[in-house]
Amino acid sequence: MKFVQGKGASAGVAAGPILVKPAGRKPELRLDTCLDPQQELKRFQAAQQQVLQTLETLKEKAREQVGEEEAGIFEVHQLMVQDPDLCEAIESLIQGEHFTAETAVREAGKQFAAMLEAMDDEYMQARGADVRAVCGQLEEALTAGERNWTELLTRPSIICADDLTPSETLQLDKSLILGFVTSGGSANSHTAILARTMKIPAVVHTEIDLAEDWNGILGALDGSTGAFYLDPEPQVLEALKEKQVQHRAAEDALEQYRGKPTSTADGRTIALYGNIGQPEDVDLVLENDGEGIGLFRSEFLYLGREDYPTEEELFAAYCTAAQELEGRKLIIRTLDIGADKKVEYFHLPEEENPALGFRAIRICLKRPEIFYTQLRAILRASAYGDVAVMFPMIISVEEVRAAKKLLEAAKAKLREEGIPFDEDLEVGIMVETPAAALISDALAREVDFFSIGTNDLVQYTLAVDRQNASLEELGKASHEAVLRLIQMTIANGHAAGCWVGICGEAAADPELIPSFIAMGVDELSMAPGKILAARKLISTLRAR
């Protein structure tokens, strides 16, 4: 038996025969240099179009199989294929050095990948693998060298590879994949993200040297602990199989809570909602028996574009979500651009501390034409379902009143135009700053509900940058200061007749849910996959 400790990237246990991705041969390059640079440029451009088309096909397949967010991986690769700097480097090597298109792609790709991998930022380091994958596809297109190793997957197997590109992952028959094991990669890689979405156990960064003579040998892995076993001993295999049985039994046991109301043991009902970023994500909430949408992150409709979405585009997205929910509540958070969510066409100023800077409601009130368009779209969608609007990053009563004034202006214009909307549309705010929590008694007199955004509330209360992984242990919602602010907000909201929800990672934390229930929270909003487990826990608690 060979044991290797890697990093767990996708939970679950798997055991079965191993299939090693062949190391493969690099496509045979004809020559390093050429006599006709113009002809080579045409070859490069043709290969570029071929790869773009392949990526478009894969994107649509990803959208159908694993969702919109994961399909975005292939949009990133499409952008890389057309990246002006990369293309300029390739074309310069062809024209200036008389390199063949294949050699230019290879050399430029190596340079760009090395540059990214040398950066301190882990996210940018991971993008180096994307550059290598894209340039590999360009080389294959130029040499017509198709590496169809994915066709070797003919029976349920554990896939072992140095690393896997998103394209390779998606081309594999999901029904035959028992698990993934890679010698490289990271838990934040696109392949790891796809594995989690597809609920396939995965272990990455094992740093092992793969051998093709492993093919057919029994392997086993634990995606939670990062353990990988080659030819496991019987007792190890039995222990893993038992853990797999327990994992599946736990998931199956949650099914008994599907279709049931979310209520405590003493009969108090709690609304249990899901968080989404795109209309397509509504399906995930419904599949996991969510009772509504507690947070539609509407800024995602502004990302990945070259210009502002129109009112009609926003209306279409909101209306689709409202209709698919069939009467369940849809809370749309207005634009929360800024901080870690940058959009080039907004032309936001560079800031030393963007999390404390020009973002969210501050942008909307300074640029009312953007805000007004979004408010009209939300109001129009309210005619098609139970829609509510929520303003983020509030620190004062004045901000709430200014936002409501624009909302009333949009209502007046829609009435004048004869366009229907819900006159009783609920208006709420996110309480995600200590300032908002401390004046929540005054804010509650202005709105219908609060949603306590724990991710940012923790960041601002504890002075812990939520993007800094080294501070993760300090940024806990269980900190007494954070819990006191939450309790104060709930009490002040209820005193003024507001209902109060909690949104963020803490909303699904089994250690914190009992405290929230005891505080009297009315709603919890979380990642869709955690809804049934939360309902089970709540059913065992007493609210009084």
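Since the structure is predicted, the reported quantities are computational estimates derived from the model, not experimental observations.
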### Query
Any Lys/Arg nitrogen of R359 or D336 sitting under 4.0 Å from an Asp/Glu carboxylate oxygen of the other?
yes
### Task
Answer yes if the side chains of T100 and T103 hold a donor-acceptor pair under 3.5 Å, and no otherwise.
yes
### Any R155 side-chain heavy atom under 4.5 Å of P17 side chain
yes
### Query
In terms of side-chain heavy atoms, does Q48 have a donor or acceptor partner in Q82 at a distance below 3.5 Å?
no
### Query
Quick one: does M393's side chain get under 4.5 Å of M430's, heavy atoms only?
no
### Message
Using only atom types and a distance under 3.5 Å, with no angle test, would you say the side chain of Q78 pairs donor to acceptor with the backbone of Q53?
### Response
no
#### Entry: Between CD1 on residue I331 and OG on residue S298, distance to nearest 0.5 Å
13.0 Å
### Message
Can you tell me how the ring of W214 sits relative to the ring of F228, calling it parallel under 30°, perpendicular over 60° and tilted otherwise?
### Response
tilted
### Task
Indicate yes or no for a side-chain donor-acceptor contact from S183 to the backbone of D162 under 3.5 Å, with no hydrogens or angles considered.
yes
### Query
Can you check whether Y229 reaches L237 side chain to side chain, under 4.5 Å on heavy atoms?
no
### Query
Heavy-atom distance under 4.5 Å between the side chains of P392 and E432, does that happen here?
yes
### Task
Looking only at non-hydrogen atoms, find the nearest pair between T182 and T206 and report the distance.
O-OG1, 2.9 Å
#### Entry: Any side-chain heavy-atom pair of I370 and L335 under 4.5 Å
yes
### Query
Looking at side-chain heavy atoms only, is the closest gap between P37 and F99 below 4.5 Å?
no
### K243 side chain near D222 side chain, heavy-atom distance below 4.5 Å
yes
### Message
Do the side chains of R248 and E251 get close enough for a salt bridge, i.e. N-O under 4.0 angstrom?
### Response
no
#### Entry: Shortest non-hydrogen contact from L164 toward F180
CD1-CD2, 3.4 Å
### Task
Answer with yes or no whether the side chains of Q246 and E242 bring together a donor and an acceptor at under 3.5 Å.
yes
### Query
Do S525 and N275 have a side chain donor and acceptor closer than 3.5 Å?
yes
### Query
Around D85, counting heavy atoms of other residues, nucleotides and ligands shown, do more than 12 lie under 6.0 Å from its CG?
yes
### Task
Run the numbers on Y345 and Y302 for ring-ring contact (aromatic ring centres under 6.0 Å, His included), then give the verdict.
CA-CA 10 Å; Y345 60 83; Y302 291 74; 7.4 Å; no
### Task
Identify whether the distance between the nearest side-chain nitrogen and carboxylate oxygen of R132 and E117 falls below 4.0 Å.
yes
### Query
Would you find a donor on one side and an acceptor on the other, under 3.5 Å apart, between the side chain of T373 and the backbone of E311?
no
### Message
For the residue pair Y308 / Q374, report whether a side-chain donor-acceptor contact shorter than 3.5 Å exists.
### Response
no
### Query
Given side chains that start at C-beta, do those of I158 and V181 come closer than 4.5 Å, heavy atoms only?
yes
